[in-house]
Amino acid sequence: MDSSHTPARLRASVTALMQATGQTQTDVAHALGVDQTQVSRRQTGRAAWTLDDCDRLAAHFGIGVLDLLAGPEHACARLPRTTRHTRGHGVPA
């Protein structure tokens with residue numbers, strides 16, 4: 001895994017997981033105990049996700065940290081079926 005691409009891969013994973021679960025930045029912010037603006041800054045690359053954020057994100061989505069960091073397809077494939085969005089959006093179950 002090339003570490004120079006890890007921040008972009010993490011942002012892509014978070015976006016894909018939000019789409020797959022039907023969540024918004026506000027939902028993720030609430031789960032992390034931050035405000036939506038902080039999630040937006042992290043998702044646009046203006047601020048970095050911390051290791052603690054990665055732990056909380058993985059726990060929130062019900063996947064492992066390494067799954068989160070492996071990329072969007074891998075992260076979504078590891079989502080528990082009960083958390084996947086069922087209205088035809090995101091990654092198919």
Using the test side-chain hydrogen bond (donor to acceptor under 3.5 Å, both in side chains), find all partners of Gln25 that sit at least two apart in sequence or belong to another chain. Gln36
Contact check, side chains of Thr6 and Trp49, non-hydrogen atoms, under 4.5 Å: no
Taken in chain and number order and not counting sequence neighbours, the residues that satisfy side-chain hydrogen bond (donor to acceptor under 3.5 Å, both in side chains) with Thr26 are none
Report the residues that fulfil side chain to side chain contact (heavy atoms under 4.5 Å, CB included) with Ala47, sequence neighbours left out, ordered by chain and then residue number. Arg41, Arg42
Mind listing the side-chain donor-acceptor pairs of residues 60-67 below 3.5 Å, one per line with the distance, residues two or more places apart or on another chain?
residue, atom, partner, partner atom, Å
His60, NE2, Gln23, OE1, 2.6
His60, NE2, Gln23, NE2, 3.4
Asp67, OD1, His74, NE2, 2.8
Asp67, OD2, Gly64, N, 3.4

The criterion is side-chain hydrogen bond (donor to acceptor under 3.5 Å, both in side chains); which residues satisfy it with Ser40, sequence neighbours excluded? none
Within the distance-only criterion (no hydrogens, no angle test), does the side chain of Ser13 pair as donor or acceptor with the backbone N or O of Gly71 below 3.5 angstrom? yes
Is the shortest side-chain heavy-atom distance between Leu10 and Cys54 below 4.5 Å? yes
side-chain hydrogen bond (donor to acceptor under 3.5 Å, both in side chains) partners of Thr15, counting only residues at least two apart: Gln43
If you take all heavy atoms of Ala20 and Cys76, which pair is closest and at what distance? CB-SG, 4.1 Å
Restricting to pairs with a member in residues 21-35, which pass salt bridge (Lys or Arg N to Asp or Glu O under 4.0 Å), not counting sequence neighbours? none
Please lay out, stage by stage, how Met18 and Val28 fare under the test side-chain contact (heavy atoms from CB on, under 4.5 Å). CA-CA 8 Å; Met18 287 179 4; Val28 172; 3.6 Å; yes
Kindly give the heavy-atom pair with the smallest separation between Leu68 and Ala75, and that separation in Å. CA-CB, 4.2 Å
Are the side chain of Asp55 and the backbone N or O of Asp52 linked by a donor-acceptor pair below 3.5 Å? no
